Amino acid sequence: YIRKPGVIQREWDLLRDYLFFKQRYRFLKEGSRNADPAKKVLVVSLTDWIAQVKMEAMLAKALQLRGYTPVIVTHSCCQQAIKYFKVFGYDQFIFFDQLIEAIPESSLNGEATALLNGKPSFRSLPNFKYRDVHVGKHVLSTIVRSLRNGSVEFSDPQVLKLLKQWLPQAMRATLAGELLLDQIKPQIALFLEKGYLQCGEIFDLAVNRGINTIQFLHSHRSDALAL
């Protein structure tokens, strides 16, 4: 018998949507001939949420038709997302989790420990920068979203545990983001999320380097986006 029918149903729905999408929108692969390999748009995805992936891929297609080559930044575990991006004809992928793993966490322990010993607060943490990136703000935003609480206290053991876990991760993501931008050298960077771990670090780095950085958001209308 099936122990988790909900999981099976979700997997079936995803597979059915993918096969339908791939068959119906075969023409989406067109456009790569217009792309200049020297002009790159970095699509910072980092998700397996298909609704977001489709929006990112469509915006990237508009830029591809204007001569840009999309480079997708995702995680190696986001296999559903990769399949959909390939329907659009995109074949350049960077796995950000692998870039982060290449940076030893031990090399950052001293700086992270120094901040933690300073007993940061809800007000002071957003001011902490690492290599001119607002890692404190991104960590705090991620903690608040994770706990679904508009304000947190670092005397709370759960909050302190997340801070100790995510602050070094944010610093590693900053170094990985620098490697990413050095490697790709994009003219444009495209984001949905920009204020949380990993996406936030790449966003700040892109802005600091003067890259044309675009965030898209849901609009007040269901058929529109805000850029």
Side-chain angles (χ1 to χ4, degrees), residues 42-49 52-53 56 71-82 93-184 186 189-209 211 213 215:
L42 198 68
V43 181
V44 183
S45 182
L46 305 181
T47 184
D48 227 8
W49 182 36
Q52 177 179 333
V53 168
E56 292 166 339
V71 179
I72 312 301
V73 184
T74 186
H75 288 146
S76 56
C77 62
C78 294
Q79 294 301 310
Q80 292 288 347
I82 293 170
F93 297 92
I94 301 292
F95 297 128
F96 197 59
D97 54 324
Q98 295 178 357
L99 288 179
I100 292 176
E101 289 170 4
I103 298 171
E105 187 173 352
S106 58
S107 64
L108 303 169
N109 284 342
E111 292 176 87
T113 300
L115 174 65
L116 294 171
N117 288 340
K119 297 182 179 180
S121 66
F122 187 87
R123 290 184 177 274
S124 68
L125 184 60
N127 298 321
F128 176 69
K129 291 185 179 182
Y130 176 69
R131 302 175 74 87
D132 207 25
V133 170
H134 297 85
V135 295
K137 181 174 68 174
H138 302 321
V139 169
L140 182 59
S141 296
T142 306
I143 291 174
V144 168
R145 183 174 71 168
S146 175
L147 298 178
R148 299 183 180 182
N149 193 336
S151 180
V152 294
E153 296 292 338
F154 292 120
S155 57
D156 183 334
Q158 184 182 16
V159 175
L160 186 60
K161 178 181 178 181
L162 292 176
L163 177 61
K164 290 180 177 179
Q165 175 185 345
W166 286 341
L167 180 61
Q169 287 186 23
M171 297 166 75
R172 290 173 79 193
T174 299
L175 296 177
E178 291 179 340
L179 293 174
L180 171 68
L181 297 181
D182 289 343
Q183 177 182 346
I184 303 303
L190 178 67
F191 297 78
L192 172 57
E193 298 288 2
K194 72 174 186 65
Y196 301 105
L197 281 179
Q198 299 189 14
C199 286
E201 288 79 27
I202 302 173
F203 184 91
D204 283 359
L205 289 166
V207 170
N208 292 345
R209 295 191 181 200
I211 296 169
T213 306
Q215 181 191 20

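Given the structure is predicted, the values throughout are model-derived calculations rather than measurements.
- Screening residues 196-208 for side chain to side chain donor-acceptor pair (under 3.5 Å), with sequence neighbours left out, gives His75-Gln198, His134-Asp204, His138-Asp204.
- The minimum heavy-atom distance linking Val135 with Lys129 is given by the pair CG2-C, 4.3 Å.
- Shortest non-hydrogen contact noted between Leu197 and Thr142 is N-OG1, 3.1 Å.
- Taking CG from Leu175 and CD1 from Ile103, the interatomic distance works out to 4.5 Å, rounded to the nearest 0.5 Å.
- No side-chain heavy atom of Val159 sits less than 4.5 Å from a side-chain heavy atom of Asn149.
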Side-chain donor-acceptor distances from residues 110-121 under 3.5 Å, at least two apart:
unit_1, atom_1, unit_2, atom_2, d
Thr113, OG1, Asn109, O, 2.7
Asn117, ND2, Thr113, O, 3.3
Ser121, OG, Arg123, N, 3.3
Ser121, OG, Ser124, N, 3.1
Ser121, OG, Ser124, OG, 3.2

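- Residue pairs meeting the side chain to side chain donor-acceptor pair (under 3.5 Å) criterion with at least one partner in residues 155-174, sequence neighbours excluded, do not occur; the list is empty.
- Take Phe203 and apply the ring pair (Phe, Tyr, Trp, His ring centres under 6.0 Å) test, not counting sequence neighbours, and it matches Phe191.
- When all heavy atoms are compared, the tightest approach of Ser45 to Val53 is OG-CG2, 4.2 Å.
- Considering every non-hydrogen atom in both Val44 and Glu56, the closest pair reads O-OE2, 3.7 Å.
- Formation of a donor-acceptor pair under 3.5 Å by the Ser141 side chain with backbone atoms of Lys137 is found in this model.
- Taking CD1 of Ile100 as the reference point, atom CZ of Phe95 lies at 13.5 Å (rounded to 0.5 Å).
- Two residues are said to be in side-chain contact when any heavy atoms from C-beta on lie closer than 4.5 Å; Leu140 and Val152 meet this criterion.
- Annotation for Phe122 and Val144: closest pair CE1-CG2, 4.1 Å, computed over non-hydrogen atoms.
- Partners of Glu178 by side chain to side chain donor-acceptor pair (under 3.5 Å), not counting sequence neighbours, listed by chain and number: Arg131.
- The 12-atom threshold is exceeded at CD of Gln79, counting heavy atoms of other residues, nucleotides or ligands nearer than 6.0 Å.
- Here Asp182 pairs with Arg209 under the side chain to side chain donor-acceptor pair (under 3.5 Å) rule; sequence neighbours left out.
- Residues Pro186 and Leu181 have side chains in contact (heavy-atom distance under 4.5 Å, counting atoms from C-beta outward).
- Gln80 CD to Thr74 OG1: the interatomic distance, rounded to the nearest 0.5 Å, is 11.5 Å.
- Between Leu42 and the options Ile72, Ile94, Thr213, Val73, a side-chain contact (heavy atoms from CB on, under 4.5 Å) holds for only Val73.
- Scanning for side chain to side chain contact (heavy atoms under 4.5 Å, CB included) contacts around Pro157 gives an empty result, with sequence neighbours left out.
- Of all heavy-atom pairs spanning Pro168 and Leu163, the tightest one is CD-O, 4.2 Å.
- Separating the CZ atom in Phe128 from the CG atom in Leu167 is a distance of 5.5 Å, to the nearest 0.5 Å.
- Arg145 is linked by a side chain to side chain donor-acceptor pair (under 3.5 Å) to nothing, counting only residues two or more places apart in sequence or in another chain.
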